[in-house]
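Provided herewith is a single structure, encoded as structure tokens, for subsequent inquiry.
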Amino acid sequence: MSNQLIQPRTLSGFRDFLPEMMIPREKLMETARKVYRSYGFVPIDTPTLELSEILCGKGSEETDRQMYRFQHGKRDVAMRFDLTVPLARFVAQHHNELGMPFKRYHIGNVWRGERPQAGRFREFAQCDFDTIGTNSIASDIETVLVINDLIRAIGFEQFKIRLNNRKVLNGILEKANLAEHSVAVLRALDKLPKIGPEKVRLEMLETTGAPDSSIDQILMLSQISGTNREIIQQLGTLCEGNELAEQGREQLSEVIDATQALGLTEQNLEIDVSIARGLDYYTGTIVETFLTDLPSFGSICSGGRYDSLAQLYTKQQLPGIGASLGLDRLLAAMQQLDLIPNTKTTAEVMIVQFDKSKLSEYLKLAADLRRQGIAVELYPESKKLNQQFKYADRRGARAVIIAGTDEFASGVVQVKWLADGTQTELPLAENSNEIAEWLKTRLTD
RNA sequence: GUGGGUAUAGCUCAAUUGGUUAGAGCGCUGGAUUGUGAUUCCAGAGGUUGGGGGUUCAAGUCCCCUUACUCACCCCA
């Protein structure tokens, strides 16, 4: 017999979720589902593992480097890096059955072999929503509205959705004769808030070798500031004479107008002409979302519009727009901000097992309450009362129901409200209706 | 993938210039209290000081390697 134990541990960047984390994590997923469904997005799922030829080479070299990829038998397979590439394959394969436009949401884990950091993991859940098969600005507007609803439904008011449009960027690049260097230029521009215009300028000069005058035209963007309306106005001169840029500016304007009309203010939605996002398939509106209290965590919800999602898999032209909520990043942020309540139970009510011989009565009471929509836990052992109470308290139960010899004799139960220690006597009638009603009114607080 | 920092009980941290058997609070298990949690008192469990190697009479402490975490790059949810 060997006493060599294997040390229990998880891989770097991979985590276990204990109940106190998994309960709020599931709640986040439920909130996301609810918001997406309220806009008519429908759920889909795809395999986590796909042929490498499907998943690789669709993003940048960097994403390929981060992809988990291996041989299984003779097959070259990979684990999905995001939910967008699988969606592209999915709609290319099924678009005849789906019909367009198609609005789907997808909650699932993705894997990236990169160096973990706070809020960055190798396995994490994304909650994507996309509208495919339409170029209408209505979808761009709704995308912003969904993000706003979602972050608010989760409980945040201090957040900023940053909005930009790739057409503006690409048009201005065309004007400055820098279209061929768009990746390098946009990458540098994306760092503007972080490293400032001077360093951005140096990086652009270095990576493109373009003349100062061209770079200066791009850096005019860093001068832009003010309210959303003022920014759009200032973009007027910068975009002038380039059709693409003017079109992008018009789209920005439409999104701002429509969302403002619905009460979305500058506090939560702001045009930021420096954001570039993704750099690969985005072609129009782009968005990212930051928590005001934790900007260093990066964007918790980003996305944008693309002209042709599935061009690698089908000749069908499938434009669309969507965004992805970084569920695990958001959860990590909430943990850091101390917004995760310490609840280790899913049942708000616990029944004490006072008298072993009354087990069937306890089971009946629990069943009655469950039938009326209350989650109830019966303590599994007939242990000392203080231990049963301790258990209820530590798990975060809100009420404990006590029924002992005295109570059964007079046909009542005691309901103890743990927060204030008060105890209420209620009749133990046929279907436990009165108990259920009493609990329901208290539990909704 | 590149560069810096950190690693002592489940958690937060102590431990004199390297010096005896590595401590505390919280948490956990039980008791005080066989009809009541959160408060109080008592007891107990829990550590090869992340792992491996080296220097030394002696290493939690110094050196090297490795792993994990963390920060900055890269990239991004």
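Letters A, B, ... mirror the listed sequences (proteins, then strands); counts begin at 1.
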- Query: Are A:K356 and A:Y362 in a cation-pi setup, meaning NZ or CZ lies under 6.0 angstrom from the ring centre and within 45 degrees of the ring axis?
  - Reply: no
- Task: Hunt down the Watson-Crick or G-U wobble partner of B:rU2, both distances under 3.5 Å, from any strand shown, or write none.
- Result: B:rA72
- Message: Quick check: any donor-acceptor pair below 3.5 Å linking the side-chain of A:Q423 to the base of B:rU36?
- Response: yes
- Query: With respect to the side chain of A:Q66, which nucleotide from B:rC69, B:rC76, B:rC75 is positioned closest?
  - Reply: B:rC75
- Message: Please confirm whether the shortest side-chain N or O distance from A:K390 to OP1 or OP2 of B:rC28 is below 4.0 Å.
- Response: no
- Charged tip of A:K358 within 45° of A:F408 ring normal and under 6.0 Å: yes
- Complement of B:rU21, any strand, by Watson-Crick or G-U distances under 3.5 angstrom: none
- Query: Any donor-acceptor pair under 3.5 Å between the side chain of A:R120 and the base of B:rC75?
  - Reply: yes
- Residue pair A:F14/A:C301 against RNA chain B: nearer the 5' end by closest nucleotide is A:F14
- Message: Does the Lys NZ or Arg CZ of A:R25 fall within the cation-pi geometry relative to A:F17 - under 6.0 Å from the ring centre and within 45° of the axis?
- Response: yes
- From A:T134 OG1 over to A:L318 CG, what is the distance, rounded to the nearest 0.5 angstrom? 11.5 Å
- Message: Quick check on RNA chain B: between A:G113 and A:I300, whose nearest nucleotide comes earlier from the 5' end?
- Response: A:G113
- Message: Over all strands shown, is A:D328 touching base, sugar-phosphate only, or nothing at heavy-atom distances under 4.0 angstrom?
- Response: nothing
- Interatomic distance at P, B:rU61 relative to B:rG54, whole Å: 14 Å
- Let me know the distance between NZ of A:K384 and C1' of B:rG37, rounded to the nearest Å. 15 Å
- Task: Kindly point out which of B:rU36, B:rA77, B:rC28 is positioned nearest to the side chain of A:S302?
- Result: B:rA77
- Message: Rounded to whole Å, please give me the gap between CG in A:N386 and C1' in B:rU39.
- Response: 14 Å
- Query: Can you tell which of B:rU36, B:rA68, B:rG35 lies closest to the side chain of A:S12?
  - Reply: B:rA68
- Task: Run through A:V376, A:L369, A:V352, A:L428 and flag the one making a side-chain contact (heavy atoms from CB on, under 4.5 Å) with A:I401.
- Result: A:L369
- Identified pairing partner of B:rU36, criterion: Watson-Crick or G-U wobble below 3.5 Å: none
- Using the P atoms only, state how far B:rG47 lies from B:rG52, rounded to an integer number of Å. 16 Å
- Picking from B:rG30, B:rC76, B:rC74, the nucleotide nearest the side-chain atoms of A:R112 would be B:rC76
- Value in whole Å for how far the P atom of B:rG10 lies from CE of A:M21: 20 Å
- Message: Under 4.0 Å, heavy atoms only, any strand: does A:E123 hit a base, just the sugar-phosphate, or nothing?
- Response: nothing
- Message: Is the ring pair A:F102/A:F90 parallel, tilted or perpendicular, if the boundaries are 30 and 60 degrees?
- Response: parallel
- Message: Students often get this wrong, so: under 4.0 angstrom with heavy atoms, is A:F297 touching a base, only sugar-phosphate, or nothing?
- Response: nothing
- d(CZ, A:F129; P, B:rA77) in whole Å: 13 Å
- Check every strand shown and say whether A:I402 touches a base, only sugar-phosphate, or nothing at a heavy-atom separation below 4.0 Å. base
- Is there a donor on the side chain of A:R115 or the base of B:rC74 sitting less than 3.5 Å from an acceptor on the other? no
- Options B:rA77, B:rG37, B:rG31, nucleotide nearest the side-chain atoms of A:Q387: B:rG31
- Message: Between P on B:rC76 and CZ on A:F290, what's the gap in Å once rounded to a whole number?
- Response: 12 Å
- Task: With C1' as the reference atom in both, quote the distance from B:rU17 to B:rC13 in angstrom, rounded to an integer.
- Result: 23 Å
- Out of B:rU36, B:rG3, B:rG27, whichever nucleotide has its closest atom nearest the side chain of A:R394: B:rG27
- Task: Apply side chain to side chain donor-acceptor pair (under 3.5 Å) to the pair A:R75 and A:Q71, showing each step before the final yes or no.
- Result: CA-CA 6 Å; A:R75 273 189 256 276; A:Q71 291 290 131; over 6 Å; no
- Query: On a whole-Å scale, what distance lies between the C1' atoms belonging to B:rG3 and B:rC74?
  - Reply: 12 Å
- Task: Could you check which of B:rG37, B:rG30, B:rU70 has an atom nearest any side-chain atom of A:K383?
- Result: B:rG30
- Note on the structure: A:R187 has its side chain closest, among B:rG1, B:rG27, B:rC75, to B:rC75
- Query: For A:I286 and B:rC76, what is the distance between atoms CD1 and P respectively, to the nearest whole Å?
  - Reply: 12 Å
- Message: If you take the centroid of each ring, where Trp contributes its six-membered ring, are A:Y36 and A:Y105 closer together than 6.0 Å?
- Response: yes
- Note on the structure: Scanning all shown strands, the Watson-Crick or wobble mate of B:rU56 with both distances under 3.5 Å is none
- Between B:rA72 and A:Q117, is there an OP1 or OP2 to side-chain N/O distance shorter than 4.0 Å? yes
- Message: Taking B:rG25 as the reference, what is the distance to B:rU8 when you measure between their C1' atoms (whole Å, please)?
- Response: 15 Å
- Item | Per-pair stack call A:F124 and B:rA77, 5.5 Å, 30° | yes
- Item | Per A:K416 side chain, nearest of listed nucleotides B:rG37, B:rC76, B:rC71 | B:rG37
- May I ask you to say what A:A125 touches in the nucleic acid, namely base, sugar-phosphate or nothing, with a heavy-atom cut-off under 4.0 Å? nothing
- Task: For B:rC63 and B:rA43, measure between their C1' atoms and round to the nearest Å.
- Result: 44 Å
- Item | Spacing of A:R15 atom CZ relative to B:rC69 atom P, expressed in whole Å | 10 Å
- Counting Watson-Crick and G-U wobble pairs only, both distances under 3.5 Å, name the nucleotide matched with B:rA7, or none. B:rU67
- Task: Please work out if A:F354 contacts a base, only the sugar-phosphate, or nothing of the nucleic acid, heavy-atom cut-off 4.0 Å.
- Result: base
- Item | A:Q388 CD - B:rA38 P separation (whole Å) | 14 Å
- Message: The side chain of A:D393 is closest to which nucleotide in this list: B:rG3, B:rA38, B:rC75?
- Response: B:rA38
- Query: With rounding to whole Å, what would you report as the distance between B:rA59 and B:rU12 at their P atoms?
  - Reply: 28 Å
- Message: In whole Å, measure the gap between the C1' atoms of B:rG18 and B:rC73 for me.
- Response: 38 Å
- Task: Could you tell me the separation between the OH atom of A:Y379 and the CZ atom of A:R395, rounded to the nearest 0.5 Å?
- Result: 8.5 Å
